[in-house]
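Worksheet for the structure shown next.
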Amino acid sequence: MAVAPWAVPGVLKRMVIVIAWLAGVLFGLGLIVGGMTNPAKVLAFLDITGDWDPSLAFVMIGAIAVSFFAFRSAAKQPTSLLGLQLQMPPTTLIDRRLVIGALLFGMGWGLAGFCPGPAVASILSAGSAVWLFVISMLVGMFGHTLATRLGWL
């Protein structure tokens, strides 16, 4: 029987934390090696009418290829390898909330050259601009949570 990740006892809980930490480190290293933590490189990728740098397209295509097979494989499994309940998205519906969120995400990415993962991955090595981005992101996440709980979204 599957166990919800938040209800995991003792040793299994520590294994989940270690595996989550390792996955986060691997993801962060991938972002760093791929150049996603360099806002100038990201902005050059997004500037298709100027001095366009297409190199991040290869990083994204590689990430999509790996995640496509990983998610398809996970969707066929009843539980994770640790016997935990898998947390898959409950819907594939493209609705107003998803489109608005994607537009806001894209505008933020285009303005700052950062998205959440690369910003967190570079928080210790970059300057105050990254801290400002991460704090702004956390305020936005809190605002979204609050607005959702109040029924505004």
Heavy atoms from other residues, nucleotides or ligands near CZ of Phe105 exceed 12 (cutoff 6.0 Å) = yes
Look at the side-chain heavy atoms of Ile, Leu, Val, Met, Phe, Trp and Tyr, link any pair under 4.5 Å apart, and say whether Leu104 and Phe142 land in one connected group.
-> no
Closest non-hydrogen contact found for Leu93 with Leu98 is O-CD2, 3.9 Å
Does the Ser67 side chain pair with the main chain of Ala63, one donor and one acceptor, at a distance under 3.5 Å?
-> yes
Heavy atoms of other groups near Ile94 CD1, more than 12 under 6.0 Å = no
Can you name the closest pair of heavy atoms from Val59 and Met36 and give their distance?
-> CG1-CG, 4.4 Å
Pair up each side-chain donor or acceptor in residues 114-132 with any protein partner under 3.5 Å, not counting sequence neighbours, and list the distances.
unit_1, atom_1, unit_2, atom_2, d
Ser122, OG, Pro118, O, 2.8
Ser122, OG, Ala119, O, 3.4
Ser125, OG, Ser122, O, 3.4
Trp131, NE1, Ile123, O, 3.3

What distance separates Leu31 CG from Asn38 CG, expressed to the nearest 0.5 Å?
-> 12.5 Å
Please indicate whether Asp51 has more than 12 foreign heavy atoms, meaning atoms of other residues, nucleotides or ligands, lying under 6.0 Å from its CG.
-> no
Report, as yes or no, whether the 6.0 Å neighbourhood of atom CE on Met60 holds more than 12 heavy atoms from other residues, nucleotides or ligands.
-> yes
Side chain to side chain donor-acceptor pair (under 3.5 Å) partners for Asp53, two or more places apart = Lys41, Ser55
What is the distance from atom CG of Leu12 to atom CD1 of Ile17, rounded to the nearest 0.5 Å?
-> 10.0 Å
Hey, is CG on Leu103 packed in by over 12 heavy atoms from elsewhere, all under 6.0 Å?
-> yes
Side chain to side chain contact (heavy atoms under 4.5 Å, CB included) between Thr148 and Arg97, intermediate numbers included | CA-CA 11 Å; Thr148 301; Arg97 292 179 61 194; 4.2 Å; yes
In one Ile/Leu/Val/Met/Phe/Trp/Tyr side-chain cluster, 4.5 Å: Phe45, Ile48 = yes
Should Leu84 and Ile19 be regarded as members of a common hydrophobic cluster, given that ILVMFWY residues are connected when their side-chain heavy atoms come within less than 4.5 Å of each other, either directly or indirectly?
-> yes
When you look at CG of Leu81, are more than 12 heavy atoms from neighbouring residues, nucleotides or ligands closer to it than 6.0 Å?
-> no
Decide side chain to side chain contact (heavy atoms under 4.5 Å, CB included) for Leu146 and Arg149; before the verdict, give the C-alpha distance in whole Å, the side-chain angles of both, and the deciding distance to 0.1 Å.
-> CA-CA 5 Å; Leu146 184 63; Arg149 289 187 180 165; 5.5 Å; no
Checking Trp52 side chain against Asp47 main chain: does a donor-acceptor pair fall under 3.5 Å?
-> no
Does any non-hydrogen side-chain atom of Met15 lie less than 4.5 Å from one of Val18?
-> no
Can Leu26 be reached from Val66 by stepping across I, L, V, M, F, W or Y side chains whose heavy atoms are under 4.5 Å apart?
-> no
